[in-house]
There are 4 protein chains.
Amino acid sequence: MSSAAPGSSSASGGRRFRTPDASRRSERSRRAILDASMELVGEVGYNRLTIEAVAARAGVGKQTIYRWWPSKAAVLLEAFTTVVTDDEYEAGIPDTGDLEADLKQVLRATVDEFTDAAFEAPYRALAVAGAADAELSEQFLERLMAPGMEVYSRRLRSAQEAGQIAEDVDIGLAVEMLLGPFQQRWLQRTGNLTHEFTDALVDLALRGLAPR
Amino acid sequence: MSSAAPGSSSASGGRRFRTPDASRRSERSRRAILDASMELVGEVGYNRLTIEAVAARAGVGKQTIYRWWPSKAAVLLEAFTTVVTDDEYEAGIPDTGDLEADLKQVLRATVDEFTDAAFEAPYRALAVAGAADAELSEQFLERLMAPGMEVYSRRLRSAQEAGQIAEDVDIGLAVEMLLGPFQQRWLQRTGNLTHEFTDALVDLALRGLAPR
Amino acid sequence: MSSAAPGSSSASGGRRFRTPDASRRSERSRRAILDASMELVGEVGYNRLTIEAVAARAGVGKQTIYRWWPSKAAVLLEAFTTVVTDDEYEAGIPDTGDLEADLKQVLRATVDEFTDAAFEAPYRALAVAGAADAELSEQFLERLMAPGMEVYSRRLRSAQEAGQIAEDVDIGLAVEMLLGPFQQRWLQRTGNLTHEFTDALVDLALRGLAPR
Amino acid sequence: MSSAAPGSSSASGGRRFRTPDASRRSERSRRAILDASMELVGEVGYNRLTIEAVAARAGVGKQTIYRWWPSKAAVLLEAFTTVVTDDEYEAGIPDTGDLEADLKQVLRATVDEFTDAAFEAPYRALAVAGAADAELSEQFLERLMAPGMEVYSRRLRSAQEAGQIAEDVDIGLAVEMLLGPFQQRWLQRTGNLTHEFTDALVDLALRGLAPR
DNA sequence: CGGTAAACGAGACGGTACGTCCGGTCTTTGC
DNA sequence: GCAAAGACCGGACGTACCGTCTCGTTTACCG
């Protein structure tokens with residue numbers, strides 16, 4: 001178990017001055033912190049979310065937070081990713097053979113998700129924090145954004161193989177054409193997120209993807 | 001608009017308790033504050049930009065800032081909009097008749113702009129602040145984002161009239177298909193902002209817009 | 001009035017990085033802080049006296065304390081010295097001509113004072129802090145201890161002039177012989193502070209001081 | 001329950017909830033802790049001496065300190081008393097028959113001791129801690145102060161028996177007249193500790209002690 | 001042209017949260 | 001079952017800014 005030298009951090013190289021010993025970590029505190037941060041971000045928003053409040057709500061010393069996370073964004077990212085189970089992404093997009101219908105359905109579901117306050121508050125908080133901070137952005141992308149986009153990639157690739165999408169189309173770019181407008185409307189509030197919008201978006205995007 | 005007399009807005013209902021008299025405002029201080037905030041946002045970023053530092057750099061009392069702006073974001077928004085002259089937007093996109101070439105050229109220029117640190121720092125700061133705060137978002141959209149999108153709308157409308165874009169295409173949606181992916185890459189760092197990217201984006205988008 | 005340049009501290013030379021402007025100081029806050037610190041030192045003792053508690057009790061921001069005092073000991077010293085008015089020292093020791101009676105009377109009064117909890121708590125706190133810290137000690141001595149000792153010096157000098165004390169006696173040393181044992185009993189708790197003790201002390205000391 | 005042998009002090013009533021078994025105690029750790037505390041008190045002083053630093057320097061867990069000592073003062077007291085061997089006190093003051101010379105000599109030696117930093121730092125630390133805390137004071141007195149004073153008592157008693165000191169003199173008080181001024185100068189820094197001072201002190205004190 | 005009212009620079013103020021430090025307790029893992 | 005190691009809760013530290021609130025000092029209009 002404790003094969004990796006704890007504390008000495010010789011193997012992986014201590015990032016900071018002294019690395020805490022993860023094998024001794026209190027799972028109880030970890031959960032309390034993550035839960036408290038999710039609750040609080042919903043109650044007061046990200047900007048007014050404070051480490052002190054999280055610690056107090058979680059019944060935890062501040063140091064226990066600082067020991068394991070570098071910032072409140074990091075706490076929230078972990079809190080959120082443990083809620084958004086990977087199952088969601090692994091399920092993927094249904095493949096009924098009808099690309100248009102499948103995409104519309106999933107995007108409608110995504111609209112509903114992004115309209116749900118319980119999901120939106122922490123997700124927006126993380127998106128904002130990532131937009132502001134390049135380092136954090138990397139983790140946000142890797143853990144939340146990329147898996148979400150990958151789901152679309154798979155479905156589009158499948159459609160391309162089925163000849164429903166022109167062979168010369170860059171699937172990555174196609175995904176961006178679907179999700180970019182969606183994200184922009186949501187994050188920058190350039191328009192309302194509705195089923196009509198995503199339906200029209202799918203229609204217009206698929207026009208460009210169809211084989212000629 | 002605010003041409004009217006001292007404390008004009010007081011008559012029609014002052015926002016706060018006492019509206020300051022705009023006619024007595026020190027233009028010298030106003031400029032110093034705007035300049036200082038632009039300098040500082042470039043030096044330390046938005047999150048570490050403080051009103052105190054702006055006041056100190058500008059050689060101004062803090063109250064002079066609080067008197068005229070409700071938040072640091074508002075200061076920065078004004079600072080930025082006075083730099084990005086409206087000329088830029090009024091010029092619009094060249095209309096050589098070659099839609100593809102025109103769009104590629106302008107998007108390449110936009111890429112260059114968003115890659116320039118002097119432009120990027122404050123613009124990102126505002127985009128982030130807008131993403132976090134709905135109220136601010138409104139102003140950011142109205143003053144910076146919308147004019148930028150409108151430029152594309154005009155060019156696409158012109159193309160539609162020229163029969164280069166199918167009649168049933170929603171121009172607003174078309175603009176989102178062009179700029180959404182761009183904004184997503186930039187704001188959320190989902191990919192590099194390059195000329196190749198925008199070229200490919202134009203190609204793929206135009207496929208869907210062309211009359212069938 | 002405000003002849004001394006505030007803030008710039010050019011004249012007296014700024015001790016720290018930026019000297020606050022004393023002319024703008026809030027007397028209200030100052031008094032509240034001094035009062036609160038006196039109250040609290042009586043309630044919880046010096047070691048458990050915290051700046052936070054003083055600030056809270058005084059209804060004052062912590063920074064207002066840190067702005068004007070370098071340490072909690074400094075606060076307490078000022079609090080105490082403004083309570084122990086200088087009148088006390090200026091009155092001096094009565095001079096009835098009967099040296100023994102005069103000394104006994106004053107030392108008895110001093111015993112009573114040092115036995116009174118309201119006086120003892122802060123005074124001991126300061127004596128302890130001074131014993132631990134040479135820099136603070138200097139101020140403690142100068143402001144509290146020395147004036148107290150000077151009072152005895154004056155009375156003894158008067159007695160020496162009256163021929164009741166041998167001419168070759170060093171008055172300073174004589175004062176130390178009277179107060180040293182007193183202070184030791186009190187500060188180090190080597191014995192009880194009683195009237196009998198001080199009476200006996202005066203008797204024995206005067207034996208050595210009398211002209212031969 | 002823990003009435004039996006283990007934990008010698010447990011016999012007379014375990015102070016805490018569970019008395020550890022002293023027979024299993026690591027002498028190695030004990031010494032390391034005492035040494036480290038002596039070193040550190042010399043380096044940083046008593047106020048900035050922390051249990052954590054002692055534990056770290058001694059290569060010992062914090063709990064090992066808390067298990068055996070109730071406070072950092074107690075650690076230091078033990079550390080100091082094991083250094084200041086009892087021999088010193090048992091030797092006592094030489095009795096050449098010349099009281100004045102004997103006292104002067106010993107007080108000069110004491111001055112030298114209290115002027116030596118290696119001795120002064122921990123001793124002052126303990127004196128200060130004792131002055132602040134009555135409970136600790138008791139132990140400090142009993143173990144360090146009282147033996148030191150007793151030495152003087154013996155010599156003065158011997159002189160009294162030899163008729164060099166008046167019969168009606170309270171020897172305890174006489175000792176206080178010698179050491180009180182000394183302690184005051186040292187602990188409260190009311191003056192310099194020099195040989196001249198102690199010589200003069202002895203001269204003046206003996207005047208009062210001599211038979212009439 | 002002198003009086004006056006408001007904007008101004010300066011910065012002290014009551015607060016909140018920061019990130020760190022350490023006290024004293026609890027838990028895990030050898031020995 | 002003591003000891004080492006150190007994570008844990010708690011709480012104070014001293015600092016940084018917040019947004020508000022006086023202070024005199026310009027500044028510009030008005031009578």
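Residue numbers begin at 1 in each chain, while the letters A, B, ... track the order of the sequences. As a basis for the values below, the full set of heavy atoms in this structure was taken, side chains included, without hydrogen atoms, waters or symmetry mates.
One interatomic measurement links the two molecules: CG of B:Asn47 to P of E:dG19, which rounds to 12 Å at whole-angstrom precision. Summarising the geometry, the separation between CD on C:Glu27 and P on F:dC21 is reported as 22 Å, rounded to the nearest angstrom. Taking atom CG of B:Leu49 as the reference point, atom P of F:dA16 lies 17 Å away to the nearest angstrom. Straight-line distance from the CD1 atom of B:Ile65 to the P atom of E:dA10: 12 Å, rounded to whole Å.
Scanning all heavy atoms of the two residues, the minimum distance from C:Val41 to C:Ala125 falls at CG2-CB, 4.2 Å. For the pair C:Tyr46 and C:Ala73, the tightest heavy-atom approach, listed with the atom from each and the gap, is OH-CB, 3.2 Å.
When each of D:Lys72, D:Arg57, D:Lys62 is checked for a salt bridge (charged side-chain N to carboxylate O under 4.0 Å, His left out) with D:Glu52, only D:Lys62 meets the rule.
Within 6.0 Å of the CD atom in D:Glu138, the count of heavy atoms belonging to other residues, nucleotides or ligands does not exceed 12.
Comparing C:Lys72 and B:Tyr66 by the nucleotide of DNA chain F that holds the closest heavy atom to each, the one mapping nearer the 5' end is C:Lys72.
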Point to revise | Per-nucleotide protein contact string for nucleotides 26-31 of chain F (B base, S sugar-phosphate only, - none; heavy atom under 4.0 Å) | key: -BB---
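At least one side-chain nitrogen or oxygen of C:Trp68 sits closer than 4.0 Å to the OP1 or OP2 atom of E:dC13.
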N/O-N/O pairs, protein side and nucleotides 14-16 of chain E side, under 3.5 Å:
residue, atom, partner, partner atom, Å
E:dG14, OP1, C:Ser29, OG, 2.8
E:dG14, OP2, C:Gly61, N, 3.4
E:dG14, OP2, C:Thr64, OG1, 2.8

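For the atom pair B:Asp21 CG and B:Arg24 CZ, the distance stands at 6.5 Å (nearest 0.5 Å). Atom OG of A:Ser37 and atom CD1 of A:Ile65 lie 8.0 Å apart (nearest 0.5 Å).
A cation-pi arrangement is present between A:Arg25 and A:Trp68, with the terminal nitrogen or guanidinium carbon under 6.0 Å from the aromatic centre and inside a 45° cone about the axis.
Salt bridge present: D:Arg30 and D:Glu78 bring a charged side-chain N and a carboxylate O closer than 4.0 Å.
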